[in-house]
Each structure stands twice: as structure tokens, then as C-alpha cells.
Amino acid sequence: MELRRTMLFIPGNNPGMLQNGGVFGADAVILDLEDAVAPQEKDAARLLVAQALRFVDYGASETVVRINTLDTFGRQDIKTIVPCQPDALLVPKVQCAEDIHAVVAVVAAAERPGQKPVKLIALIETPRGLAEAQAIAAADERVAALAFGAEDYTAAIGAQRTKESQEILTARMLLVNAAAAAGVQAIDTPYTDVNDESGLRQDAAFAKQLGFKGKLVINPRQIDVIHSVFNPSDREIGWAQRVIKAIRQAEAEGSGVASLDGKMVDAPIVSRAERILHLARLLGLDKEVQA
Ligand SMILES: CC(C)(COP(=O)(O)OP(=O)(O)OC[C@H]1O[C@@H](n2cnc3c(N)ncnc32)[C@H](O)[C@@H]1OP(=O)(O)O)[C@@H](O)C(=O)NCCC(=O)NCCSC(=O)C[C@@](O)(CC(=O)O)C(=O)O
Ligand SMILES: [Mg+2]
């Protein structure tokens with residue numbers, strides 16, 4: 001499982017930001033050729049991003065490039081970018097499984113022999129894309145995650161965007177379900193007020209509660225806040241360890257159900273605890289913790 005707690009957008013036409021983007025510790029950097037770049041700057045940005053992939057050290061961050069749609073600049077983006085070996089492409093405004101098939105065909109033709117296959121992350125930000133999200137997620141084995149773009153989505157459905165975000169609750173839940181049904185990750189929309197740390201913390205905590213595995217990020221100051229939310233807390237790790245202990249003891253006594261703090265522990269609780277411990281191990285947080 002890839003860690004994608006934070007995926008930092010870096011405008012593809014900003015050499016300074018492209019140069020420094022690796023130092024912030026985001027799980028992924030998204031070098032953006034789409035909406036952060038004006039049409040007259042697309043060609044220059046594409047070359048800058050290609051150079052960045054070759055020469056900038058993004059450390060442990062997954063390298064992702066947001067391409068344009070195939071009916072605009074996307075084909076040229078793929079031809080130039082894929083040979084520079086990004087880990088993944090973020091495909092915007094995906095409407096249906098056929099959009100993924102079309103991108104896969106262009107990507108496969110652009111890959112060099114022996115190159116590690118480039119993964120795809122589908123950005124779901126249109127009403128049709130949301131309606132088809134499960135088919136999109138299952139369209140090809142390259143699809144590793146669905147990401148949600150709430151600004152384009154709410155604009156398209158004519159909803160008013162609010163801090164409370166009630167208007168995107170259903171969309172968020174549908175997206176998490178579609179991703180889970182296809183066995184891929186769900187990544188939440190960016191929080192656009194970069195100066196509102198407590199709002200970001202609340203928003204990220206709610207996204208985690210809904211089942212998202214991380215968030216798109218627009219500013220480096222948002223990264224630590226989001227990591228602290230998506231990292232399992234000592235309390236969660238301690239609870240998970242006690243769940244595993246309790247179920248092992250019950251199994252040794254011939255039962256598949258245990259009791260912990262007066263609450264039933266059975267298979268789904270155990271699998272939640274195992275997911276927490278798996279994430280804790282990935283993050284090196286799997287020390288003995290007392291809840
Ligand atoms: C928001 C703001 C203007 C704030 O500026 P500020 O100046 O207040 O930032 P400060 O914090 O003061 O910066 C302190 C230092 O960090 C550096 N620094 C800042 N941001 C950095 C960064 N991202 N990467 C590397 N470095 C960075 C900066 O250069 C400075 O470095 P230095 O001068 O050396 O000290 C700035 O962050 C920014 O431009 N973000 C990227 C915005 C963007 O990419 N949007 C498009 C993608 S979203 C999207 O498309 C979603 C969606 O698809 C969703 C949907 O559909 O719903 C859609 O369509 O909307
Ligand atoms: Mg968008």
C-alpha cells in the first residue's frame with residue numbers, strides 16, 4: 001500500500017516551487033500542467049516539469065504529474081512526460097471508464113521498453129465522473145486511487161461551497177464507496193483556505209472518519225497538520241494492540257468473539273485494528289503503546 005496522506009500540488013510553471021517541492025515531506029508531489037497553468041504557458045510548463053522529473057530530487061515523495069484532458073493538451077503531456085518516468089499521472093475530469101482506457105493506450109505507447117508502468121490516479125470532479133466512479137476505478141489495473149475535486153464538482157452541480165461542506169457529503173461518501181469496491185484508495189479534495197489551520201484539521205479528521213486515506217494539498221503549511229490527522233494516534237495503536245490480544249485469547253479458548261471494555265470484538269473490528277497496526281508499521285510508529 002502506498003502512503004498518500006498528503007499529495008502536494010506544485011504549479012508546473014513555477015520553477016522555484018518545482019525546485020523546492022521535495023523538501024516538505026509530502027507523501028506525493030503533483031507537478032501540475034492543468035488548471036494551475038494558463039493555456040499560453042502549457043508548452044513551457046511541460047518542458048519545465050520534464051526537467052524537474054529528471055533533475056530535482058523529490059526524495060521519498062511519489063512523483064505524480066497532473067496532465068490535461070486528452071481533448072486539450074493531454075496527448076502531448078503524456079508523450080513528453082511519460083518517458084521521464086513519473087510514478088503516476090493524475091488524470092483530471094475523468095467521466096467514464098473509456099476515458100481511462102484512452103489514457104492507458106497513449107501512456108502504453110509512450111512508455112520505453114522496460115520502464116516501470118506508470119500508475120494512474122483518476123480525479124473525480126464532474127457529476128458523470130462521480131456516477132461512474134466505480135467503473136473508472138476498476139477500468140484498468142494501473143488505476144491506484146480516486147481523488148475528489150470538490151471545487152469543479154460543486155461548480156458543475158450548481159451547489160454553493162461552504163466551510164461546513166454539507167454540500168459535498170454525499171459525493172465524498174459515494175467516492176469512498178466506489179474506491180473501496182474497486183480496491184483502490186480514496187483521496188479527498190484540497191482545503192483551500194491555507195491560513196485556517198483549525199478548519200483544515202477538522203476537515204481532514206472528517207475525511208479520515210469517512211474512509212479517505214489522505215488529502216490533496218495546495219500549500220506546504222498544510223502537510224504536517226494532515227499527517228498528524230491521518231497518522232494513527234497512540235490511543236488508536238494501543239486500542240488496536242489490545243483488540244488483537246483479546247481476539248487471540250478468545251481464539252485460544254475456542255471462540256471467534258471477544259469482549260474488550262464491554263464491547264464486542266469480532267472479525268470487522270479485528271480487521272480495522274489490523275489496518276491501524278499496518279499503517280503504524282509503515283510509519284515506524286509500531287512501538288509498544290499503552291492505551
Ligand atoms: C495557495 C497559494 C497561492 C498560497 O500562497 P502563499 O504565498 O500564501 O504561500 P506561502 O505559505 O506564503 O508560501 C511559503 C513558501 O512556500 C512556497 N509554496 C507555497 N505553495 C507551494 C506549493 N504548492 N508547492 C511548493 N512550494 C510552495 C512559496 O513559494 C513560499 O516559498 P518561499 O518564497 O521560498 O518562502 C500557494 O500555496 C499556491 O500557489 N499553491 C498551489 C495552488 C495550486 O496548485 N492550485 C491548483 C491545484 S488545486 C486544484 O486544481 C484542485 C481542483 O482540481 C480541485 C477541484 O476541482 O475541486 C481544482 O480544479 O480546483
Ligand atoms: Mg479541478
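Counting starts at 1 for both ligands and their atoms, in listed order.
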*Is there a side-chain contact between L123 and K93 (heavy atoms, below 4.5 Å)?*
no
*Heteroatom proximity flag, D32 to ligand 1, N/O under 3.5 Å*: no
*D152 near the Mg ion (ligand 2) via N/O/S, less than 2.8 Å*: yes
_Return the closest protein heavy atom for atom 51 (C) of ligand 1 as residue, atom name and distance._
P190 CG, 3.9 Å
_Heavy-atom protein contact below 4.0 Å for atom 35 (O) of ligand 1_ = no
*Could you go step by step and tell me if R128 and Q95 meet the side-chain hydrogen bond (donor to acceptor under 3.5 Å, both in side chains) rule?*
CA-CA 5 Å; R128 182 168 175 214; Q95 303 265 36; 5.4 Å; no
*Kindly confirm or rule out an N or O of G149 lying under 3.5 angstrom from an N or O of ligand 1.*
yes
*Compare all side-chain heavy atoms of L90 with those of V65 and state whether any distance is below 4.5 angstrom.*
no
*Which ligand 1 atoms are under 4.0 Å away from a heavy-atom of I10?*
24 (N)
*Please determine if the Mg ion (ligand 2) has an N/O/S atom from E125 lying under 2.8 Å away.*
yes
*Nearest heavy atom to atom 40 (N) of ligand 1 wins, so pick from I218, V29, N20.*
I218
*May I ask which of E151, R66, E34, Q19 has a heavy atom nearer to atom 49 (C) of ligand 1 than the others do?*
R66
_Pair T154, E167 - check side-chain hydrogen bond (donor to acceptor under 3.5 Å, both in side chains), show working._
CA-CA 8 Å; T154 47; E167 67 282 0; over 6 Å; no
_On a heavy-atom basis, I'd like to know which of L18, N14, D152 is closest to atom 59 (O) of ligand 1._
D152
_Out of all atoms in ligand 1, which are within 4.0 Å of some heavy atom of D35? Include the element for each._
59 (O)
*Evaluate the side-chain proximity of K215 to D203: yes if any heavy-atom separation is below 4.5 Å, no if none is.*
yes
*State whether D27 and R4 are salt-bridged, where the test is any N-O pair (Lys NZ or Arg NE/NH1/NH2 against Asp/Glu carboxylate O) under 4.0 Å.*
no
*Going through the checks in order, is the salt bridge (charged side-chain N to carboxylate O under 4.0 Å, His left out) test met by E2 and K119?*
CA-CA 12 Å; E2 300 282 349; K119 287 175 252 174; 3.1 Å; yes
*A150 N/O to ligand 1 N/O under 3.5 Å*: yes
*asked:* Is the shortest side-chain heavy-atom distance between W239 and L260 below 4.5 Å?
replied: yes
*Heavy-atom proximity to atom 13 (O) of ligand 1, best of N219, T192, I223*: N219
*Quick one: do R142 and E111 make a salt bridge, cutoff under 4.0 Å?*
yes
*Would you indicate whether the side-chain heavy atoms of I237 and L277 approach each other to under 4.5 Å?*
yes
*Decide whether the shortest distance between a heavy atom of G16 and an atom of ligand 1 is less than 4.0 Å.*
no
*Output yes when a protein non-hydrogen atom is found under 4.0 Å of atom 55 (C) of ligand 1, and no otherwise.*
yes
*Are there protein heavy-atom neighbours of atom 21 (C) of ligand 1 below 4.0 Å?*
yes
*Please identify which atoms of ligand 1 are closer than 4.0 Å to at least one heavy atom of L123.*
53 (O)
*Walk me through it: do T80 and Q76 pass the test side-chain hydrogen bond (donor to acceptor under 3.5 Å, both in side chains)?*
CA-CA 6 Å; T80 305; Q76 192 52 51; 3.2 Å; yes
*Protein contact for atom 32 (P) of ligand 1 (heavy atom, distance under 4.0 Å)*: no
*Answer yes or no for atom 7 (O) of ligand 1: protein heavy atom present at a distance under 4.0 Å?*
no
*To the nearest 0.5 Å, what is the distance between CG (L175) and CG (L146)?*
5.0 Å
*What do we get for V217 next to ligand 1 when only non-hydrogen atoms under 4.0 Å count, side chain, backbone, both or neither?*
neither
